[in-house]
Amino acid sequence: NPILQVENLKKVYSDGTVALNNINFEVHPGEFIVVIGPSGAGKSTLLRCINRLVEPTSGDVVFKGKKINKIGARQVKQVRREIGMVFQNFNLIDRLSVVNNVLHGRLGYTGTIKGALGLFSKKDIAEAEEILERVGLSKQKYKRADELSGGQMQRVGISRALAQRPRLILADEPIASLDPASSKIIMDHIFTICKEDKITAIVNLHQVDVAMKYATRIIGIKSGEVIFDGQPSHLTKNI
Ligand code: ADP
Ligand code: ADP
């Protein structure tokens, strides 16, 4: 069964911008999908419609068999717990420790208060530490987030997504703010972790060469429409 179905999805922003038009695709468990397309193509809007940061204008987003475009705020929260999000600009809380940022994803605002008061459970902390070890950040776990390099910040971003124990990870241009060496480390971590933990991934990128290297499937979008959907080996250079 597909983990995600996107059906006739359309997003028109309030200023009339048609960001997505008639988007259709299905995602199966274990796929590592890279969405490529130029800036302004609608990649970010697509991911935001999937985790409901943006409300679609029409069409359906079906996650694990359930339509999520018409659910209430409480259920949106529940769905978001199962969908890990990784951002271009990391979206960390600068003044908090690495561990606290990681647990923030799972525990939300309550987590922030708990962390500030030193009230995380041993189990929570042990789990955060285990995840941080996987991405090579053990030594940094009690540093403040704003003391890290960009590549390290994104490894915290990945760890935060993982702490939610997601079924699906959505990464929106996760390497666009990073140098080539850090970019490779980050893509390797996302790819390896998704494979090991059987997490399905949709990663927005604008670099075709990076997409070709990691994707099990590439979706090309341009001006809000899907113009390619298939195996990397079938991708022609006209995107
Ligand atoms: P990409 O991620 O591929 O760069 P986006 O999804 O960010 O594309 O943007 C798609 C189009 O929608 C662009 O024309 C962009 O300017 C527009 N857009 C994005 N967000 C908004 C918004 N909040 N309001 C109006 N237009 C927006
Ligand atoms: P990104 O490509 O990383 O989404 P942008 O600079 O395009 O970064 O967008 C930053 C924020 O502004 C996003 O929340 C996006 O939805 C919003 N945005 C983008 N384009 C527009 C637009 N034309 N009008 C209003 N908001 C926009």
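Every number for a ligand or one of its atoms is a count from 1 in the order of the listing. Values below: all heavy atoms of this structure, side chains included; hydrogens, waters and symmetry mates excluded.
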Task: ligand 1 atoms in contact with Pro38 (distance to a heavy atom under 4.0 Å) - done: 3 (O)
Open item on the list: Please determine whether the number of non-hydrogen atoms from other residues, nucleotides or ligands lying under 6.0 Å from atom CG of Asp209 exceeds 12.
Closed with: yes
TODO: In plain terms, say whether Arg134 and Asp197 are close enough for a salt bridge, that is, a side-chain N and a carboxylate O under 4.0 Å apart.
DONE: yes
- [ ] Heavy-atom distances under 4.0 Å are what count here, so tell me which part of Thr17 touches ligand 1: side chain, backbone, both or neither.
- [x] side chain
TODO: Please work out whether any backbone atom (N, CA, C, O) or any side-chain heavy atom from C-beta onward of Asp15 is under 4.0 Å from ligand 1, and answer side chain, backbone, both or neither.
DONE: side chain
- [ ] Decide if atom NZ of Lys70 counts as having more than 12 heavy atoms of other residues, nucleotides or ligands within a radius under 6.0 Å.
- [x] yes
Open item on the list: Can you tell me how the ring of Phe32 sits relative to the ring of Tyr214, calling it parallel under 30°, perpendicular over 60° and tilted otherwise?
Closed with: tilted
TODO: Indicate yes or no: does an N/O atom of Ala19 lie under 3.5 Å from an N/O atom of ligand 1?
DONE: no
Task: Distance (rounded to the nearest 0.5 Å) between Arg160 CZ and Leu132 CG - done: 12.0 Å
TODO: In plain terms, say whether Lys11 and Glu55 are close enough for a salt bridge, that is, a side-chain N and a carboxylate O under 4.0 Å apart.
DONE: no
Task: The one among Cys49, Ser39, Gly40 that brings a heavy atom closest to atom 13 (C) of ligand 1 - done: Gly40
TODO: Would you mind running through ligand 1 and noting each atom that sits below 4.0 Å from a heavy atom of Ala41?
DONE: 1 (P), 3 (O), 8 (O)
Open item on the list: Between ligand 1 and Lys43, is the shortest N or O to N or O distance under 3.5 Å?
Closed with: yes
